[in-house]
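Structure, as structure tokens:
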Amino acid sequence: MSKSTGVDSRPVSVSDVSTPRAELFARVLDPASRANPYPIYAALRSEPVSRQSDGTWVVSGFDEIAALLHDPRISSDLRNAGQPAGGQSLIMQDPPNHDRLRAAVMGRFTPEVVESLRQGVHDLVAGLLDAAGPGTRLDLVEEIAYPLPVSVICKLLGIPPQDEARFHGWADTLARTLDLDPTMSREEQDAIDHAFTELHHYLENLVADRAEHRGDDLVSGLLTGGDHGEPLRGEELLITVRLLLIAGHETTVNLITNGMLTLLRHPDILERFRHEPDLVVPMVEELVRYEPSVQFRYRAALADIEIAGTTIPRGSVVVLLLAAGSRDPGHFTDPDRFVPDRLPNEHFGFGGGIHYCIGAPLARMEAQIVLPELVRRLVNPRLTMDPPPYRPTAALRGPRHLWVEVDGVRP
Amino acid sequence: MSGHPGNRGEHVVGEHVVIVGASLTGLHAAEALRGGGFAGRVTLVGAEPHPPYDRPSLSKRVLAGRMSADSTGLPQRQDLDAHWRLGNAAVALDRDTKTLTLDDGTALGFDKLLIATGTRARRWPDTAEAALTGVLSIRTRDDALELQARLAARPRRVLVIGAGFVGSEVASVCRELDLDVTVVERSAAPLAGALGQWAGAAAGRLQRGHGVDLRTETSVLALEGDADGRLRRVRLSDGDVLDVDVAVVALGAVRNVEWLAGSGLAIDARGVQCDPFCRAVDTDGRPCDDILVAGDVACWPHPLYEGLLAVEHWDNAVRQARVAATTILHGAVRAHTALPTFWSNQFGVNIKVVGVPGRADQVAVLQGSVERAAFVAAYGRGGRIIGALAVNTPRALDAYAEMISSRMSFPPDLNAADAPDPIRVLDLAVPAAG
Amino acid sequence: MRVMVDLARCQSYGQCVFAAPEIFEISGREVLEYDSAPSDEWRLHLERARAACPVQAITIGPAAGPGKDDGQPSTVRPAADSMGVLR
């Protein structure tokens with residue numbers, strides 16, 4: 001547990017400074033580092049653009065990440081670095097195709113659409129907390145953070161409530177595809193392939209149905225097109241809807257879970273938040289800076305890139321270590337400290353540049369609703385295990401379970 | 001409130017910073033001083049009666065009637081605890097006695113002076129024609145208010161003299177209001193001074209596509225009024241005579257430096273010369289520790305560009321104000337090396353610019369498509385990239401700023417996924433130096 | 001209450017439009033427009049917009065000038081941060 005100063009005093013699991021710099025990213029990928037990768041990031045930042053022994057280039061400084069997020073020599077299509085195709089969704093594509101697909105989504109994923117989900121989020125949170133009581137021990141992942149985002153996405157897409165359970169399963173399995181994980185087992189790969197196939201069939205039927213009966217859901221909206229976006233059809237529509245499900249799910253689970261974990265580690269801030277619920281507005285930004293769901297993204301270099309006194313050669317795999325940039329002391333005062341009302345707070349919690357998280361407004365809204373409700377309704381919550389067990393993925397980082405003991409759940 | 005009591009014991013009694021010019025630059029300098037812990041006296045002197053306001057919106061939303069001129073007041077981030085002398089122009093500076101004289105005769109002593117008097121609109125040169133009712137410029141809040149009222153009265157036709165950014169924005173608003181508008185430009189294209197002929201030609205197509213009667217390589221021979229002194233007609237060099245009720249003179253800006261005559265500071269048409277730390281330079285070329293310059297009125301040496309740079313950009317006003325404040329607080333420790341950058345919104349298009357495209361000898365579109373009105377063009381001079389223009393691609397520009405700062409060769413080898421194929425490098429007429 | 005967006009920093013991410021649609025809008029494809037003097041009833045929405053801005057380009061505060069009386073500045077920036085935001 002933390003000291004009352006709010007300074008993170010978790011045990012540093014990687015205190016071994018003898019790791020050669022070129023092996024540091026391998027340690028980031030090691031599940032043993034999952035609970036606290038930040039000391040490794042700090043070590044990497046001493047050389048903000050660092051070549052690893054496997055030939056990947058890890059970028060960990062704020063300025064360098066900011067530059068590359070906007071750099072036209074950086075590609076999201078990893079085939080440009082000799083990797084297998086990572087999928088055809090817009091997050092793995094470059095302009096102009098990326099821009100066309102993104103415009104199609106943004107044309108229908110409007111402020112009005114997000115706002116229309118607000119009451120539903122309130123109701124879902126209330127229902128989940130009602131169901132969690134009156135026990136004294138609960139798993140915030142299984143009981144709150146996990147069910148909420150899938151249900152919200154299902155509402156957004158117009159999925160009938162009776163089908164939501166299947167979506168939960170698919171979302172869980174497919175979240176792993178956002179990682180480029182060489183350690184993935186054959187069984188995991190098969191499970192992913194199976195989930196892909198099932199989801200694909202489901203969405204095909206859904207799209208066919210919506211093509212006949214348009215509603216006010218996002219799938220119907222994408223079929224219709226918007227002010228600045230053309231309609232999406234066929235395979236592109238399926239892939240885009242699948243992306244919204246996958247990318248919008250686990251990231252939000254982790255935002256909520258990391259949020260509660262961080263608050264429980266900072267009892268003074270938790271207490272302040274209890275009396276000052278609007279603190280959630282800047283606090284959500286600080287959470288995605290301090291404990292971001294997306295720790296890094298892979299990119300490919302389309303040309304030689306001179307940066308930070310070195311040259312990333314054309315064709316290289318580039319790792320943008322967003323979570324390291326968001327803790328760069330060159331950009332943030334006291335970066336390892338959780339400051340709920342930090343201002344300004346220009347972080348990479350939702351990425352940056354043309355691939356900036358499409359779902360950020362929805363994620364913010366969900367977190368801004370669920371965190372104050374959890375803090376209001378859970379009586380005297382305590383962590384029972386710190387650090388909690390983590391999911392294995394390094395790029396999408398978050399606890400598998402977050403067990404807390406409470407004295408009760410307020411109505 | 002944090003507050004900044006004026007009489008903190010640890011500070012020298014009478015430590016007094018006077019900021020001449022109560023606009024964006026002056027405000028940001030005052031904020032940076034307080035933010036940096038300055039506890040002495042701060043006085044802001046402004047010739048206009050209004051507290052600091054946002055100029056860029058004047059030629060856009062205010063003119064279109066979508067925002068009141070009263071709403072343009074700028075927010076302040078923190079308590080400034082400043083003395084405001086609004087409606088008082090500075091008329092003289094005596095460096096020996098460190099005294100500033102205001103137009104009401106007040107003499108203000110200072111320890112440090114920041115010159116931030118900015119610019120004013122260049123007037124129509126024929127004074128009789130300039131005096132006609134309906135002949136306006138747009139620089140101040142009061143200008144915008146008057147022009148907005150005249151546009152709202154639905155004139156038969158609006159004449160815009162000069163197709164720089166301000167003139168083009170005014171034309172954009174006129175079209176938005178469905179008013180007939182003629183833009184007269186002496187050079188071959190709009191925006192050509194800042195962006196070169198190639199981008200200017202694209203801007204010209206944009207304007208004409210929105211119904212602007214754009215007349216390039218044309219000048220105004222005469223503005224003609226009726227017996228009541230109201231503008232009625234314009235006589236153009238192409239032989240046309242047009243009925244117009246409003247003429248907007250958008251011929252650029254003039255530095256407000258006359259009040260510094262005899263001060264011994266190095267001043268010319270580009271403004272008040274200063275060093276990279278914003279210290280005013282005297283006529284012997286020596287920087288003055290106690291007199292600083294920032295914003296539109298300043299010209300200074302930039303490490304990336306030959307000669308002195310003088311820009312009239314919002315961003316520069318803010319950044320240079322902060323550098324000036326740092327120099328006041330800590331001496332010459334932080335140079336002003338930020339790249340010039342500015343934006344314009346017109347005809348529904350977002351334009352962002354970094355560097356100094358106006359000095360380029362070559363240009364090339366490196367990303368996107370001009371036809372789809374979403375592209376990035378880079379500008380080169382002597383084989384180095386010196387500027388970039390982003391049209392409807394605001395997230396692209398930071399990368400080009402990096403390329404300019406690192407003096408990348410031109411055209412840079414980007415291999416961008418959305419590069420035109422092939423990339424065509426066009427020669428531009430080499431602009432006059434400086 | 002006054003709002004100012006640093007449009008040199010702004011990259012039209014549009015997060016402010018989601019947070020405070022009463023105050024911000026994207027017109028055309030990339031042109032941000034905003035009400036610089038919004039009603040106090042939108043204070044919370046405005047705070048959401050400021051927090052969400054990916055490039056932290058939004059300033060909120062009382063109107064600058066003598067005799068300001070339409071509210072207090074919402075936050076006093078620490079000196080280090082107000083300098084640190086410059087890159």
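Owing to the predicted nature of the structure, the values given are computational and were not obtained by experimental measurement. The sequence lines fix the lettering, A, B, ..., with proteins before strands; numbering per chain opens at 1.
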How long is the gap from CG on N392(B) to CZ on R29(C), to the nearest 0.5 Å? 4.5 Å

Please round to the nearest 0.5 Å and tell me the distance separating atom OG of S57(B) and atom CD of E33(C). 10.0 Å

How long is the straight-line distance from CG of D54(B) back to CE of M4(C), given to the nearest 0.5 Å? 7.5 Å

Before giving the answer on side-chain contact (heavy atoms from CB on, under 4.5 Å), spell out for L7(C) and F342(B) the whole-Å C-alpha distance, their side-chain angles and the decisive distance to 0.1 Å. CA-CA 8 Å; L7(C) 289 173; F342(B) 70 97; over 6 Å; no

Here the pair of heavy atoms bringing P66(C) nearest to L86(B) is CD-CD1, 3.7 Å

Taking L74(B), T341(B), L44(B), D315(B) one by one, which has the highest count of heavy-atom pairs under 4.5 Å against chain C? L74(B)

Atom pair CE/OG of M67(B) and S36(C) - distance to nearest 0.5 Å: 3.0 Å

Nearest 0.5 angstrom please: W343(B) CH2 to L32(C) CG, how far? 11.0 Å

At a heavy-atom distance under 4.5 Å, which candidate from A82(B), G348(B), S71(B) has the highest pair count against chain C? S71(B)

Please look at A373(B) and chain C and tell me whether the side chain, the backbone, both or neither of the residue comes under 4.5 angstrom of a heavy atom of that chain. both

Search all heavy atoms of P394(B) against all heavy atoms of E30(C) and return the closest pair with its distance. CG-OE1, 3.5 Å

Interface check, chain C: of H50(B), H313(B), K60(B), R66(B), most non-hydrogen pairs under 4.5 Å belong to R66(B)

Measure across A64(C) and L27(B) and return the closest heavy-atom pair with its distance rounded to 0.1 Å. CB-CD1, 3.7 Å

Mind checking whether I60(C) and P75(B) have side chains closer than 4.5 Å, heavy atoms only? no

Stepwise side-chain hydrogen bond (donor to acceptor under 3.5 Å, both in side chains) check, Q11(C) with D398(B): CA-CA 10 Å; Q11(C) 297 180 13; D398(B) 280 4; 3.0 Å; yes

Correct closest heavy-atom pair for V31(C) and V349(B) would be CG2-C, 3.7 Å

Considering only residues two or more places apart or on different chains, which pairs with a residue in residues 19-33 of chain B satisfy salt bridge (Lys or Arg N to Asp or Glu O under 4.0 Å)? E31(B)-R77(B)

Rounded distance (nearest 0.5 Å) linking atom CZ of R61(B) with atom OG of S27(C): 9.0 Å

Between A8(C), A37(C), G28(C), which shows the greatest number of heavy-atom pairs under 4.5 Å with chain B? A8(C)

